[in-house]
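In this chain, numbering begins with 1 at the start of the sequence shown.
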Amino acid sequence: NKALEYWNDKCQTELYWIYEERGVNYMYLKEYGKALADLDKAYTLAKKKYKHNAEDGILDQIVMQQAHIYYVQKRYDEADKIYKKMVERNESEISAILGIARNMIGREEYKEAISLLDKCVQIDYKYDQAYRFRMKAYSGLGNNEKAIDDAIAYCATTRQPDDDEYVKA
């Protein structure tokens, strides 16, 4: 809140970023209404300067935070709208595909989720989160053997302390 009081046109920090950061902080405090309001404001401000593209990723970063809040609130359909728009722009947008699959798991649509998570693995076989969530889907179906296989794959692909290539879950 203090950052907004002191912000002016001469600041090097862009105003959208302050709203985004405050929105993320509200999310961690589980004040989801405030978080979504700030993320909406951040998106509106950032959209004046940035476009949805792979080069900057600013807008996608903001909407991913919004989608995560919807997921936590079990508002899967609203989160899916965001993820599907991202996939429309880039059919290989792995984090959005994973988001849709994660929501399917929340709705107990395990077979459909596995299909999407298989696609994630095809896009990037080192994407540890695909194994993590596919393990949950297989477990939901009662297929413990495949769930264990994915647990092993998840452990094998999860970032090690000295590995800069992949982000730890």
Side-chain angles (χ1 to χ4, degrees), residues 19-44 46-47 51-54 56-159 166-169:
Y19 279 101
E20 181 184 4
E21 288 300 309
R22 189 171 74 172
V24 170
N25 285 320
Y26 279 137
M27 179 179 67
Y28 290 130
L29 294 170
K30 298 182 179 170
E31 294 187 38
Y32 300 123
K34 290 180 180 179
L36 288 168
D38 273 358
L39 291 168
D40 281 340
K41 180 74 172 175
Y43 182 85
T44 300
K47 194 172 182 179
K51 295 185 184 325
H52 281 285
N53 60 47
D56 57 51
I58 303 282
L59 296 176
D60 284 346
Q61 176 180 307
I62 295 168
V63 296
M64 287 291 285
Q65 297 290 355
Q66 291 172 315
H68 181 71
I69 292 169
Y70 292 139
Y71 167 75
V72 169
Q73 294 179 313
K74 297 183 181 350
R75 294 164 62 184
Y76 304 127
D77 291 341
E78 292 176 74
D80 282 346
K81 287 178 189 174
I82 292 170
Y83 293 134
K84 287 176 181 177
K85 284 182 183 177
M86 292 176 72
V87 173
E88 284 173 16
R89 286 191 299 274
N90 176 4
E91 64 183 29
S92 295
E93 178 54 64
I94 198 165
S95 56
I97 297 167
L98 180 104
I100 295 168
R102 181 179 67 171
N103 293 338
M104 288 175 166
I105 292 168
R107 290 189 292 261
E108 298 182 6
E109 299 167 356
Y110 302 120
K111 289 180 182 179
E112 297 87 347
I114 289 168
S115 177
L116 286 180
L117 294 164
D118 288 345
K119 182 176 180 178
C120 290
V121 171
Q122 288 172 352
I123 293 168
D124 182 357
Y125 72 93
K126 290 185 179 182
Y127 189 56
D128 61 351
Q129 296 302 302
Y131 299 105
R132 176 178 170 224
F133 284 99
R134 195 170 65 179
M135 171 185 62
K136 290 181 178 191
Y138 278 128
S139 181
L141 288 174
N143 191 334
N144 294 331
E145 188 174 316
K146 287 193 175 185
I148 290 169
D149 289 345
D150 274 350
I152 293 166
Y154 173 69
C155 291
T157 56
T158 301
R159 180 180 181 261
Y166 288 90
V167 178
K168 190 173 185 176

| note | Residues at least two apart in sequence or cross-chain that pass side chain to side chain contact (heavy atoms under 4.5 Å, CB included) with A151, listed by chain then number, are M135
| field | Residue list, side-chain hydrogen bond (donor to acceptor under 3.5 Å, both in side chains) with K81, at least two apart or on another chain | value | none
| Looking only at atom types and distance, does a side-chain atom of Y138 sit under 3.5 Å from a main-chain N or O of Y110, one as donor and one as acceptor? | no
| task | Indicate the atoms forming the closest heavy-atom contact of N103 with Y71, along with that distance. | result | OD1-CD1, 3.1 Å
| query | Roughly how far, to the nearest 0.5 Å, is CG of D124 from OG of S95? | reply | 11.5 Å
| salt bridge (charged side-chain N to carboxylate O under 4.0 Å, His left out) partners of residues 137-156, not counting sequence neighbours, each pair once | R134-D150
| said: Please list all pairs meeting salt bridge (charged side-chain N to carboxylate O under 4.0 Å, His left out) that have one or both residues in residues 91-107, counting only residues at least two apart or in different chains. | reply: D77-R107, D80-R107, R107-E109
| said: Among residues at least two apart in sequence or on other chains, which ones pass side-chain hydrogen bond (donor to acceptor under 3.5 Å, both in side chains) with Q65? | reply: none
| remark: Taken in chain and number order and not counting sequence neighbours, the residues that satisfy salt bridge (charged side-chain N to carboxylate O under 4.0 Å, His left out) with K84 are none
| note | Separation between CG (L141) and CD (E108), nearest 0.5 Å, reads 10.0 Å
| said: Going by the rule salt bridge (charged side-chain N to carboxylate O under 4.0 Å, His left out), which residues pair with E78 if we only count those two or more places apart in sequence or in a different chain? | reply: R75
| request: Apply side-chain contact (heavy atoms from CB on, under 4.5 Å) to D60 and R89, showing your working. | output: CA-CA 11 Å; D60 284 346; R89 286 191 299 274; 2.8 Å; yes
| Separation between SG of C120 and CG of D128, rounded to the nearest 0.5 Å | 11.5 Å
| remark: Correct closest heavy-atom pair for A113 and A101 would be CB-O, 3.6 Å
| NZ (K119) with more than 12 external heavy atoms under 6.0 Å | yes
| field | For A67, all residues meeting side chain to side chain contact (heavy atoms under 4.5 Å, CB included), sequence neighbours excluded | value | A79, I82, Y83
| task | Return the minimal non-hydrogen interatomic distance between D40 and Q66, and the atom names on each side. | result | OD1-NE2, 2.6 Å
| Interatomic distance, Y154 atom OH to T158 atom OG1 [nearest 0.5 angstrom] | 4.0 Å
| Knowing that exactly one of L98, V121, T157 qualifies, which makes a side chain to side chain contact (heavy atoms under 4.5 Å, CB included) with Y127? | L98
| request: Check side chain to side chain contact (heavy atoms under 4.5 Å, CB included) between K34 and all other residues, then give those that pass, not counting sequence neighbours. | output: Y26, E31
| request: Output the distance between atom OG1 (T44) and atom CG (L59), rounded to the nearest 0.5 Å. | output: 10.0 Å
| said: Could you work out, with side chain to side chain contact (heavy atoms under 4.5 Å, CB included) as the rule, every residue matching V87, not counting sequence neighbours? | reply: A96, I97, I100
| request: Applying side chain to side chain contact (heavy atoms under 4.5 Å, CB included) between D38 and each of M27, R22, E20, report the one that passes. | output: R22
| task | Rounded to the nearest 0.5 Å, what's the gap from CD1 on I69 to OH on Y32? Could you check? | result | 7.5 Å
| query | At their closest point, which heavy atom of I58 faces which heavy atom of A46, and how far apart are they? | reply | CG2-CB, 4.1 Å
| field | Verdict with reasoning, L39 to Y19, per side-chain contact (heavy atoms from CB on, under 4.5 Å) | value | CA-CA 6 Å; L39 291 168; Y19 279 101; over 6 Å; no
| said: Taking side-chain hydrogen bond (donor to acceptor under 3.5 Å, both in side chains) as the definition, give me every residue that meets it alongside E88, ordered by chain and number, with sequence neighbours left out. | reply: none
